[in-house]
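Notes to accompany the following structure.
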Amino acid sequence: MVRSGTLILNAAARLLLPLQLLFSLFLLLRGHDEPGGGFIAGLVAAGAFALYLFALGRRALSEMLKVSPLDLVGMGLLLGVVATLPAWWVGEPFFTAQWWTIPIIDFKASTPLIFDIGVYLVVVGSVLTAVTALVKTDQEDAER
């Protein structure tokens with residue numbers, strides 16, 4: 001895939017990336033009470049990174065992320081498993097939600113939030129893995 005190199009796409013990608021990531025965090029944190037959650041928030045974040053990839057190229061995306069998308073998938077799966085353990089520790093059934101209040105900032109942390117963050121990371125990692133693989137294959141085909 002040949003980079004477009006257009007000034008408008010480059011400027012739009014740099015401007016929209018932080019806005020889309022902020023919106024994805026909003027969707028992630030809002031998802032317990034209203035529509036939203038880890039899956040749709042992960043799709044919005046992956047869309048932001050894909051736009052950045054199309055505008056600036058694979059190298060720029062990997063320099064910005066500093067972590068492999070497959071590592072994000074692994075971290076997300078680990079968080080999904082970790083979210084099940086607190087219920088077992090207190091003798092309740094598998095996947096029973098546990099809530100903790102952090103007193104200093106009056107924030108309610110929970111196992112559903114940990115699970116949603118895991119889903120978020122899995123979705124971002126898997127979509128970015130697929131998109132970067134397609135871009136890499138297209139670049140290899142263009143070099144032939």
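FYI, the numbering just counts along the sequence from 1. What you see is a predicted model; the values in this text were computed from it and never measured.
Within the 4.5 Å cutoff, the side chain of Leu77 has no heavy atoms near those of the Leu121 side chain. Leu61 is not listed as a side-chain neighbour of Phe54, based on a closest heavy-atom distance of 4.5 Å or more. Counting heavy atoms from C-beta outward, Leu56 and Met64 have side chains that stay 4.5 Å or more apart. Side chains of Val90 and Thr96 form no contact here, defined as non-hydrogen atoms less than 4.5 Å apart. The shortest side-chain heavy-atom distance between Leu17 and Phe49 falls under the 4.5 Å cut-off. The closest side-chain heavy-atom distance from Thr84 to Phe115 is not below 4.5 Å. For the pair Val82 and Thr111, the minimum side-chain heavy-atom distance is 4.5 Å or more.
Around CD1 of Ile8, the count of heavy atoms belonging to other residues, nucleotides or ligands within 6.0 Å does not exceed 12. By the neighbour-count criterion of 12 heavy atoms within 6.0 Å, atom CH2 of Trp100 is densely surrounded, having more than that number from other residues, nucleotides or ligands.
Scanning both residues, Leu28 and Asp116, for their nearest heavy atoms gives CD1-O, 3.7 Å. Annotation for Gly118 and Leu79: closest pair CA-CB, 3.9 Å, computed over non-hydrogen atoms. Residues Ala87 and Pro93 share a closest heavy-atom pair of CB-O, 3.4 Å. Considering every non-hydrogen atom in both Ala83 and Ile114, the closest pair reads CB-CG2, 4.0 Å.
Between the CD1 atom of Ile40 and the OH atom of Tyr120 there is a distance of 11.5 Å, given to the nearest 0.5 Å.
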